[in-house]
Amino acid sequence: MAKPQNKLFLLDALALIYRAHFAFNKNPRITSRGLNTSAIFGFMNAMLEVLQKEKPTHIGVAFDHSKKTFRHEQFPMYKATRQSQPEDISVATPYIKQIVEAMNIPILIMEGFEADDIIGTIAKRACATGEFEVYMMTPDKDYGQLVDECIHIYKPAFMGKAAEKQGVKEVCERWGIERIEQVTDMLGLIGDAVDNIPGIPGIGEKTAQKLITEFGSVENLIANADQLKGKLKENVVQYADQGLLSKQLATIHLDVPVPFDAEALRLTEYDKPRLTALMDELEFRQMKGRLGLDSPADQPLPPAFKAAGNGQMDLFAAPAPAPSGTADLPFGFEPGDAAVADTPTPKTRKKAAATEATPTDADAPAFLDVYPDAEIETGASKPRKTIQSVRHDYRLVDTPELRASLAYFLSSQTAICFDSETTAIDPVEADLVGLAFAYRTGEAFYVPVPADRAEAQAVVDVFKPVLQDPAITKIGQNLKYDLLMLKKYGVEVQGKLFDTMIAHYLIEPEQRHNMDIMAMTYLDYHPVEIEALIGKKGKGQLTMREVDVEKIVEYAGEDADITLQLKQTFEPLLEKDNLFKLFDQVEMPLVQVLADLELEGIRIDTNALAELSATLDTDVKQVQQEIYELAGESFNIGSPKQLGEVLFDKLKLDKNAKKTRTGQYATGEEILSKLEAEHEIARKILDYRELIKLKNTYVDALPLLISPRTGRIHTSFNQAVAATGRLSSTNPNLQNIPIRTPRGQEIRKAFVPRSEEFLIMSADYSQIELRIMAAFSGDETMTNAFNNNIDIHTQTASKVFHVGLGEVTSEMRRKAKTINFGIIYGISSFGLAQRLKIPRKEAAQIIEEYFAEFPAVKAYMEQSVEKARGFGYAETILGRRRYLRDINSRNVTDRMFAERNAINAPIQGSAADMLKIAMIQIHDMMRRERMQSKMILTVHDELVFDAHRDELDILRERVDHIMKNAIPMAVKMDTGIGVGENWLVAH
DNA sequence: AACCGCTCT
DNA sequence: TTGGGAGAGCGGTTA
């Protein structure tokens, strides 16, 4: 018989919605009215892709019914552990139903059954007619059991992974089984945590595969359980019924009373007006094109090619500076071109264009006048753009003449985008492989840099004047990396910076700022992935140096091109949200500062650490032995699971021991501290934890991170991760070096000056967050205390406990300190009670007392929340935003979290703003004064310097002054500055 | 990869 | 009764 002429697609709506929701988890799409449309968008994307690529003749969308199903009757616990549906999904589902309806696609739903039963039943019936080829569109692996010659699974494409069709062969391979019927046996044995189907304990995918290969089915396995041995046998015997039940639950029912109405499923015209209205409401502009809702007349026509003319001639209007006198000039220059003589030189043109912001100005000279600036493709009815589908011209620049021409040309631009290709991720260890440049959409140039150091230097030197030209803005993604690379080649990049990663960080602080993702989100463009060039991580991964240069041209050119386009996208967004000044005056200058800090690095006393390591090692062994003796057995103390069993099952230390949300015993510091009185093992475990932590995380790890090139440790500061505006530090994290305990202090002592002539100087803000809180709230008591140098915790204690300042006991002060911190974080009475280990009632009373004494603080906190509710975000003194999308949520936990953020984010973030400004000014001051001292670290409210002994006094004075005045406020800022032979004594 | 636990401000 | 101050990164275990 001929192949069936009809193609039926059956969509598992909820599964697709879930997948879409989580795929966009980090970069949700939000409409201007605050509706999260990620799930809707993802679902539509997947559906439209199928319609376009697969051209089904028939289609249906199945939903689960909200009522309980027959499975719940079989097994009451079915899906019992499932978390309540995320709010965004609940909100999205009705929209999706409406969209499906508007597309005139039938919705398949039936009380008492789940989508898979409905899909299964219809699939089988469609096949029985012999006229259909059926595809079940779902990411759910359970559907494997339905596959046959006529029925397939269609796994939708998501986030870079291509769509996949699975037939009998693929499904059997996926499970490692011989026959499709065995899918339910596999599911029965393994179970499903998501649906709370138990399976048989101790059997995972691997074991199940072996057992099914050997026994064929669950029933047969149980009948032959005596052939098994050990724990496995026990489990199979004991949980036989559970296994059979699980298999039943996993079995999709094919007798759902739904009619198979082929005509109803036939794909027809959309209800265009309704669909248009929906797309408008959801702000899905691109979708309208893909749905064919825009009339063709509305589509911009592809702009005609501009004939090669002025632009191209501009390029070589002035004689290129260096090139030898070869006649064979690059890029199609025709000697004797008429316009040459009249064209102004690049330098004059730049002056004329100096007020223009972007390099894409219509009259800017063009290096290649091949493509116009406008988007080339129309966007309608097309999948996401890729390097193959978008017209571009990325060129290799690999001769002295070409390099000189390019450099000369770039020197006439007001802004250039560049990107460096290197041999490694770590900029301190990496070497340059090439540089890519772009100045307008659709074009880029790739300059390979030779492996030989001297030759490489010569190539870099050609571009050095351009890169160091203060009049040319430098655009890039994560520019700090490129700056660090270039510093190693003697290039000090100058001029304004525009870092697309950080621009996006300001626009959407909590999302991802990865270039590929931003390209997909903002440009609807899917870049070539780095893996396509160098392969996956691990064995066989190439370095950029080993990749064919033709491939790099495309990849690197694309990076520069895309980055430039992102800059053009983000600049107006920054302006719109009043973030441009923060970006241009704070974040961009800070990039240079951080690059210098990182490059400088900090010296570590390895001998001291080695000694410490040996001491810790003997101590760990000692404590470990003592714990084993107290426990009566040896076990892995590092395993919370094993430790919990020893403490609570074996030693029965606490009858109602707390469990974590995953069902294990909680063995955290707080719990063990409580147990200290009961059993000495608790103290020992805490000791053990401290020792092993210090040893593994710091003492043994830090020396390995010393750069062989410099002999120092170079952390990496991340300027685009913390949602509040703080910096973070990785590889290693130098913002969490111990200081609290005596042993921890030994580690801090190992951070030492670079040489005899230097000392460590540490300068920190005193109570920066509380001072900001006082200033923002205008609270008189607090402001006066700070301005008159009264200890703030004592002041708070005096007020809350109604005693004179002189009568405050250390216990009262301690409590007040906890309260003060709690206030900044938006504390609850429960939280305070917990921390102070006092009854909740008492804590509530203290808070009430506090608010009575500090009414302005209370008002300020309420106002912060109110403001966030109105705006949808909280903001810092410099206008840095943090979006609080849950501030109006009906979910209490989510909403309260957002409210705490509304209070904390402006305070923590403004402190970060202040320190950043101080850093920029100090950096500037040190350069102006040509100091030998170096700023080397920043830790939220602290700056650390490698200070030259001769400069100590002036450095101290200048740093102090700058820090105190970085952002003037109604409350004066105070600093503490210390100097010493190591970081511990300096702090 | 997720979780736990611990380090810092 | 649950869930209940903020922001980070890293090492270890378990699955």
Side-chain angles (χ1 to χ4, degrees), chain A residues 190 193 202 204-207 509-510 635-644 659-672 685-686 688-698 700-702 705 715-718 721-741 743-744 747-748 764-765 767-769 773 818-836 840 843-844 847 861 874 882 891-909 911-912 915 937-942 987:
Chain A
I190 299 166
E205 195 165 332
K206 288 276 176 295
T207 316
E510 283 177 276
F635 61 102
N636 187 344
I637 309 170
S639 159
K641 187 170 178 287
Q642 293 181 35
L643 177 64
K659 299 267 180 96
T660 63
R661 64 192 169 79
T662 48
Q664 290 190 50
Y665 289 114
T667 67
E669 201 262 343
E670 213 169 314
I671 309 257
L672 292 182
I685 290 163
L686 289 171
Y688 174 87
R689 289 235 177 106
E690 185 194 345
L691 297 172
I692 207 88
K693 168 85 179 177
L694 295 179
K695 185 166 191 293
N696 289 339
T697 309
Y698 305 103
D700 290 349
L702 288 174
L705 290 162
T715 185
S716 172
F717 289 105
N718 199 330
V721 287
T724 52
R726 274 189 178 177
L727 298 168
S728 84
S729 156
T730 56
N731 283 315
N733 180 354
L734 293 184
Q735 296 184 324
N736 72 347
I737 299 302
I739 191 168
R740 215 167 22 89
T741 67
R743 295 195 124 99
I747 293 168
R748 226 167 235 248
D764 70 351
Y765 279 111
Q767 306 293 359
I768 186 170
E769 294 189 347
M773 171 86 162
T818 306
I819 298 166
N820 278 333
F821 275 102
I823 292 296
I824 296 171
Y825 299 142
I827 200 169
S828 66
S829 61
F830 186 97
L832 186 64
Q834 192 98 119
R835 256 145 235 283
L836 286 177
R840 205 166 156 173
I847 291 176
M861 290 171 69
R882 176 165 187 186
N891 181 317
V892 187
T893 314
D894 292 351
R895 188 179 62 242
M896 281 172 59
F897 186 68
E899 287 173 0
R900 290 196 295 276
N901 282 152
I903 294 165
N904 178 262
I907 299 173
Q908 190 183 117
L915 190 81
L937 285 182
T938 160
V939 195
H940 310 310
D941 64 359
E942 176 188 11
H987 185 75

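Each chain gets a letter, A, B and so on, in the order its sequence line appears, and its residues count up from 1.
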Q) How far does the C1' atom of C/dG5 sit from the matching atom of B/dC3, given to the nearest Å? A) 23 Å
Q.
Is it true that, when you exclude A/Arg743 itself, more than 12 heavy atoms of the residues, nucleotides or ligands shown sit nearer than 6.0 Å to its CZ?
A. no
(Q) Expressed as a whole number of angstroms, how long is the span from A/Lys659:NZ to C/dG3:P? (A) 14 Å
Q: Go through C/dG9, B/dC8, C/dA6 for me and flag the one nearest to the A/Val721 side chain.
A: C/dG9
(Q) Could you tell me how far apart A/Gln834 (CD) and C/dA6 (P) are, to the nearest whole angstrom? (A) 13 Å
Q) Are A/Arg900 and C/dG5 close enough that a side-chain N or O sits under 4.0 Å from OP1 or OP2? A) no
Q | Atom-to-atom span, CD1 of A/Ile637 to C1' of B/dC6 - whole angstrom | A | 16 Å
Q: Report the C-alpha separation of A/Leu832 and A/Ile847 in whole Å, then their side-chain angles, then the decisive distance to 0.1 Å, and conclude whether the side chain to side chain contact (heavy atoms under 4.5 Å, CB included) test is met.
A: CA-CA 9 Å; A/Leu832 186 64; A/Ile847 291 176; 3.7 Å; yes
(Q) Nearest to the A/Thr660 side chain among B/dT9, B/dT7, B/dC4, which nucleotide is it? (A) B/dC4
Q) Which is true for A/Ile739 with a 4.0 Å heavy-atom rule: it touches a base, it touches only sugar-phosphate, or it touches nothing? A) sugar-phosphate
Q | P-based separation of C/dT1 from B/dC6 [nearest Å] | A | 28 Å
Q.
Tell me the interatomic distance from A/Met896, atom CE, to C/dG4, atom P, rounded to whole angstroms.
A. 9 Å
Q. So does A/Arg689 reach the base of B/dG5 with its side chain, donor to acceptor, closer than 3.5 Å?
A. no
Q) Taking N and O atoms by type only, does the side chain of A/Arg726 place a donor or acceptor under 3.5 Å from a partner on the base of B/dT9? A) yes
Q | Residue whose closest nucleotide on DNA chain C lies nearer the 5' end, A/Thr893 versus A/His940 | A | A/Thr893
Q: Mind checking A/Ile737 for me? I need base, sugar-phosphate or nothing, with any heavy atom below 4.0 Å counting as a touch.
A: sugar-phosphate
Q: Round to a whole Å and report the spacing from CG of A/Leu836 to C1' of C/dG4.
A: 15 Å
Q.
Is the phosphate of C/dG7 approached by A/Arg882 (side-chain N or O, under 4.0 Å from OP1 or OP2)?
A. yes
(Q) Please give the distance between the C1' atoms of C/dT2 and B/dT7 as a whole number of Å. (A) 29 Å
(Q) Distance check needed: B/dT9 C1' versus A/Asn820 CG, whole Å only. (A) 16 Å
**Q.** Nearest heavy-atom neighbours spanning A/Asn736 and A/Tyr698
**A.** O-OH, 2.7 Å
Q) Could you go step by step and tell me if A/Ile747 and A/Leu694 meet the side chain to side chain contact (heavy atoms under 4.5 Å, CB included) rule? A) CA-CA 8 Å; A/Ile747 293 168; A/Leu694 295 179; 3.7 Å; yes
Q) If you check the A/Gln908 side chain, which of C/dG7, C/dG4, B/dT9 turns out closest? A) C/dG7
Q) When you measure from the side chain of A/Thr730 to the backbone N and O of A/Asn733, does any donor-acceptor pair fall under 3.5 Å? A) no
Q.
What is the separation between atom CG on A/Leu832 and atom P on C/dG3, rounded to the nearest whole Å?
A. 21 Å
Q: Could you tell me whether A/Glu510 and A/Arg882 make a salt bridge, using a distance below 4.0 angstrom between a side-chain N and a carboxylate O?
A: yes
Q: Please indicate yes or no: is the ring centre of A/Tyr825 less than 5.5 Å from the centre of the six-membered base ring of C/dG5, with the two planes inclined by under 30 degrees?
A: no
Q: Show your working on side chain to side chain contact (heavy atoms under 4.5 Å, CB included) between A/Ile692 and A/Asn696 and close with a plain yes or no.
A: CA-CA 6 Å; A/Ile692 207 88; A/Asn696 289 339; 3.5 Å; yes
**Q.** Protein-to-nucleotide contact annotation, 5' to 3' order, nucleotides 10-15 of chain C [B base; S sugar-phosphate only; - none; under 4.0 Å, heavy atom]
**A.** SSSSSS
Q. Taking the side chain from A/Gln735 and the backbone from A/Thr938, do they hold a donor-acceptor pair closer than 3.5 Å?
A. yes
Q: Give one of base, sugar-phosphate or nothing for A/Phe821, where a contact means two heavy atoms less than 4.0 Å apart.
A: base
Q. Which is true for A/Ala911 with a 4.0 Å heavy-atom rule: it touches a base, it touches only sugar-phosphate, or it touches nothing?
A. nothing
Q. What integer distance in Å separates A/Asp700:CG from B/dT7:C1'?
A. 16 Å
(Q) Is A/Thr667 close enough to B/dG5 that one of its side-chain N or O atoms is under 4.0 Å from OP1 or OP2 there? (A) yes
Q. So does A/Lys693 pair up with A/Glu669, basic N to acidic O under 4.0 Å?
A. no
